[in-house]
Amino acid sequence: MSSEQNDFLFLDPQQDDEIVVEPSRYWDILIVDDDEEIHTVTKLALSGLEYGGARLRFHHAYSGAEAKNILTQPNDISVIFLDVIMETDDAGFQVVKHVRDILNNKRVRIILRTGQAANIPEEKVIREYDINDYKTKTELTRSKLVTTLIAAIRSYEQICLLEYQAQAMNTILSASKYILGQTDVKVLCNKALEFMGVILGCKSNGLICTKLDGENFIQVLGGCEKYEEYFGEKLVNVNQTALSQVEACFGQLTHQYTDNSITFILKSKHRKAALYIESGGAPTDIQLQFAEIFLTNISIALDNIRLFVKLRDAAYKDLLTGISNRTDFIERIDDFQNVSENKYVFVLLDVINFSDINDGLGQDVGNKLLIAIVERLRAIVPTAQLLSRVGADVFGFLIPKSEFVLTDFNEKLSPSFSAAEHVLPIDFRIGLCQQQDFQGSGLETLKVAYIALNHAKKIKHKEGVYYSIDMQEKMEWRLGLIRQLRHDFARGKLEVWYQPQLSFDDLSLIGCEALLRWPLENGTYISPAVFIPLAEDAGLIVDIGQWVLEQACQQQKRLENEGTEICIAVNVSVPQFKVKGYAQTVKNTLLKYGVDPKNIELEVTESVVMDELDTVINTLRELKALGIEVAIDDFGTGFSSLSYIQSLPIDRLKIDRSFIKDLNNGDTGAVAGLVISLGAKLGLKTIAEGVETQEQAKFLKDLGCDEVQGFMYAKPMPENKLLEFISKRKT
């Protein structure tokens with residue numbers, strides 16, 4: 001026997017006297033050979049060998065089939081010494097294919113050993129099979145066997161490390177995508193612990209906890225496995241070991257380790273939090289490195305949830321008053337929708353003229369008033385649910401019908417409110433909706449309550465109005481009409497008609513009033529008394545008013561070109577006067593069509609004048625400066641403007657038809673006479689509209705009225721009829 005063979009067969013005899021200490025880690029080696037002596041000699045040659053603080057643990061297979069069976073079982077085989085020829089000439093190669101292709105095990109290192117090297121060229125074997133070394137049995141002396149094995153174990157260790165790193169990074173990436181988008185803290189904690197268990201190679205038994213601001217106890221945010229049921233519990237009632245570890249974490253701001261658990265501090269400047277997990281043993285350094293990376297993502301996810309809660313509060317709470325907002329109310333009122341019950345009433349109240357308080361006293365006073373209203377509502381309806389601010393100055397709440405008396409509620413709500421240094425008497429309008437009228441969605445329920453509220457505002461009912469189905473029908477009719485108006489206006493279907501205006505002295509034509517008409521497909525017309533308010537509510541009146549002015553300008557130029565120069569009067573609404581730069585808009589329109597300003601008169605109602613007096617006066621002065629005449633339409637119907645008439649830069653007072661229709665029929669004509677007399681004293685012309693009889697005309701002329709307009713002389717007419725009217729007068 002050669003010296004190399006001696007080296008292969010025998011170990012140092014001194015090793016027999018060593019005290020054997022059972023190691024905690026092993027390298028598992030599988031010997032596959034049909035020769036039992038090879039098993040014995042290999043084990044004898046490698047006995048006592050250590051690498052990285054771990055010894056060898058041997059497994060034995062005596063055929064290719066037996067090797068496949070062992071490798072299929074759960075194990076950590078790191079190196080295989082594999083004979084080529086066993087029960088068949090290629091049994092070893094079949095084991096290689098099984099390991100690599102069937103089991104997809106790329107980690108285990110395979111060292112082929114054969115006693116017939118000449119039969120299969122080494123180069124071909126290395127090329128065609130995924131093996132790591134190929135030796136003849138005679139080559140493997142003890143020293144070469146040890147060298148080969150250690151190189152294989154080192155390679156196996158590096159591959160396992162790379163696989164772990166790849167798996168850990170994939171785990172962190174997958175986990176981060178999941179937890180960073182999570183808004184439920186309980187689910188977040190559960191999943192974070194599951195992923196941490198994968199990174200540490202242990203079960204996910206654990207919990208995440210925090211110490212809330214202002215609290216002296218630690219609360220469980222969420223857990224996994226046996227700790228999952230403790231969501232929201234105080235940690236002191238859950239696990240004393242975890243409690244001491246977490247307290248140490250918070251006190252020292254460092255991770256804490258025991259033989260069976262790890263407690264990680266989750267760093268954040270906004271809060272104190274920790275992750276406790278029962279690891280079952282000490283993790284490796286590389287596991288801790290990846291755990292640190294994942295902890296950063298958990299901290300960010302917890303901060304995101306904290307931010308989400310703030311955003312949710314912003315989305316569902318009114319930041320000024322702290323009560324629910326419109327969004328929250330709409331979502332939560334759905335829970336009370338039940339057609340078979342009528343136990344609740346939804347109360348919606350609007351603060352009247354709140355904008356005047358904001359504009360006149362400042363937004364700070366307005367805000368304090370809103371807060372005071374909420375405080376009073378909480379006091380007078382303590383059993384109310386879903387108290388919400390559903391609009392800038394609109395509040396709503398739900399209350400059992402048995403606990404709500406409308407008259408008592410109004411009485412308690414009516415005293416003045418204190419806001420800053422001001423004591424403010426406030427009026428409300430109230431719309432109410434019974435549970436039986438709740439709709440299929442929160443938004444629809446809010447809509448029907450608004451229908452009742454708008455009805456209360458329209459009729460100026462202070463006590464409150466309950467919703468009824470006929471209100472809904474009227475609202476739907478109005479909305480349908482507004483949609484049709486919007487459609488027809490966009491397609492140029494509206495018309496402007498003209499009603500002549502005459503001088504009382506000689507009945508000469510001095511002008512005409514432009515009147516808007518809305519024809520339908522069937523040849524009928526919708527009354528301006530119906531659609532003008534709708535146009536104002538829908539925000540269409542500004543565009544329509546401008547269109548009428550342009551039509552009047554074009555008509556004036558056409559008449560002028562045919563030898564008739566008269567003034568055309570155009571009605572102006574409140575919304576038009578509120579548009580910034582309205583006077584300049586009128587000027588630009590006149591310039592566009594080349595109309596002399598004296599040939600356009602603007603008629604404004606008392607409601608326009610009294611809406612914002614200072615603003616209106618300034619605008620009227622601008623118009624007067626342009627040379628445009630201004631008339632007060634329907635003068636006397638409001639009476640309120642009498643005290644301001646001297647300050648208005650106007651040219652004409654128009655006596656409303658309501659003061660004329662009953663002349664000589666029980667009406668003394670006192671108001672008409674007063675207006676005519678007032679106009680004369682102020683140097684203003686007066687024009688009477690709605691004159692239909694000779695008696696009315698004579699009465700007004702005798703009083704000194706300057707001009708007249710009415711059916712007796714001419715009805716409103718389209719352009720072609722107006723041209724005929726003018727032509728006949730000329731002849």
Side-chain angles (χ1 to χ4, degrees), residues 313-333 345-381 384-399 404 406 409-433 442-443 445-467 471 475 536-539 574-575 578 607 610-612 615:
D313 285 347
Y316 290 95
K317 282 188 178 180
D318 175 52
L319 299 182
L320 174 66
T321 62
I323 62 176
S324 294
N325 63 9
R326 177 189 177 94
T327 302
D328 191 39
F329 172 82
I330 287 173
E331 289 190 8
R332 294 170 62 195
I333 193 66
V345 60
F346 172 41
V347 182
L348 196 64
L349 61 154
D350 188 342
V351 184
I352 300 302
N353 297 325
F354 176 73
S355 60
D356 292 344
I357 296 171
N358 251 1
D359 296 340
L361 300 178
Q363 188 173 356
D364 184 58
V365 174
N367 289 343
K368 285 183 169 59
L369 171 62
L370 295 175
I371 293 170
I373 290 171
V374 170
E375 290 174 351
R376 183 170 298 179
L377 288 174
R378 282 176 166 156
I380 63 179
V381 283
Q385 301 180 51
L386 303 187
L387 178 59
S388 309
R389 185 183 176 195
V390 297
D393 55 358
V394 180
F395 298 91
F397 60 86
L398 198 69
I399 191 168
F404 182 75
L406 183 56
F409 175 74
N410 276 299
E411 184 179 344
K412 293 175 181 177
L413 189 64
S414 61
S416 297
F417 290 82
S418 295
E421 69 276 14
H422 302 279
V423 177
L424 304 173
I426 300 297
D427 283 334
F428 295 88
R429 295 293 180 266
I430 302 174
L432 304 103
C433 177
L443 183 59
T445 297
L446 185 58
K447 282 182 179 179
V448 297
Y450 259 110
I451 290 172
L453 176 61
N454 289 333
H455 189 72
K457 292 167 69 174
K458 192 170 184 178
I459 65 175
K460 299 182 180 180
H461 195 289
K462 292 186 177 182
E463 295 301 315
V465 174
Y466 276 90
Y467 166 80
M471 293 181 189
M475 179 66 71
E536 292 182 352
D537 291 345
V574 173
K578 288 187 175 181
S607 59
M610 299 310 300
D611 186 65
E612 294 180 14
T615 301

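The chain is numbered in sequence order, starting from 1. For clarity, every value in this text was computed on a predicted model and none was experimentally measured.
- Between Arg326 and Leu446 there is a side-chain heavy-atom pair separated by less than 4.5 Å.
- Closest approach of Val365 and Ala419 over heavy atoms only: O-CB, 3.8 Å.
- A distance of 9.5 Å separates CG in Leu424 from CZ in Phe417, rounded to the nearest 0.5 Å.
- Between Val574 and Glu536 the shortest side-chain heavy-atom distance does not fall below 4.5 Å.
- Between Phe354 and Leu370 the shortest side-chain heavy-atom distance falls below 4.5 Å.
- Here the CG atom belonging to Leu386 is positioned 7.5 Å from the CG atom belonging to Asp328, to the nearest 0.5 angstrom.
- For Glu331, the CD atom sits in a packed shell: over 12 heavy atoms of surrounding residues, nucleotides or ligands are nearer than 6.0 Å.
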Check step by step if side-chain contact (heavy atoms from CB on, under 4.5 Å) holds for Leu349 and Phe397.
-> CA-CA 9 Å; Leu349 61 154; Phe397 60 86; 4.1 Å; yes

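- Tested against Phe395, the residues Leu348, Asp350, Leu377 include a single side-chain contact (heavy atoms from CB on, under 4.5 Å) partner, Leu377.
- With hydrogens and angles ignored, the 3.5 Å screen pairs no side-chain donor or acceptor of Arg378 with any backbone N or O of Val381.
- When all heavy atoms of Asn358 and Gln363 are compared, the closest pair comes out as OD1-CA, 3.4 Å.
- Residues Leu320 and Lys368 are not in side-chain contact: their nearest non-hydrogen atoms beyond the backbone lie 4.5 Å or more apart.
- The line from CD1 of Ile333 to CD of Gln385 is 9.0 Å long, rounded to the nearest 0.5 Å.
- The line from NZ of Lys458 to CD1 of Ile451 is 12.0 Å long, rounded to the nearest 0.5 Å.
- In this structure, Asp318 and Val374 have side chains that are not in contact, with every pair of non-hydrogen atoms separated by 4.5 Å or more.
- For the side-chain contact (heavy atoms from CB on, under 4.5 Å) criterion with Leu453, the lone passing option out of Val394, Ile430, Val347 is Val394.
- Counting only heavy atoms from C-beta outward, the side chains of Val345 and Tyr466 approach each other to under 4.5 Å.
- Of the possible polar contacts, one joining the Asn410 side chain to the Glu463 backbone as a donor-acceptor pair under 3.5 Å is found.
- Residue Asp393 holds its CG atom at 8.0 Å from CD1 of Ile352, rounded to the nearest 0.5 Å.
- Looking at every heavy atom in both residues, Ala449 comes nearest to Phe346 through CB-CE2, 3.3 Å.
- Checked against the 6.0 Å centroid threshold, Phe409 and Phe428 do not count as a close aromatic pair.
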Is there a side-chain contact (heavy atoms from CB on, under 4.5 Å) between Leu369 and Leu361 once you walk through the steps?
-> CA-CA 11 Å; Leu369 171 62; Leu361 300 178; over 6 Å; no

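- For the pair Arg376 and Ser416, the tightest heavy-atom approach, listed with the atom from each and the gap, is NH2-O, 3.0 Å.
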Given the rule in the side-chain contact (heavy atoms from CB on, under 4.5 Å) test, do Asp427 and Asn353 qualify, once you have shown the distances and angles that lead to the verdict?
-> CA-CA 8 Å; Asp427 283 334; Asn353 297 325; over 6 Å; no

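- Ser418 approaches Ala372 most closely through the heavy-atom pair O-CB, 3.9 Å.
- Between Ile323 and Thr321, the shortest heavy-atom contact is CG1-OG1, 3.1 Å.
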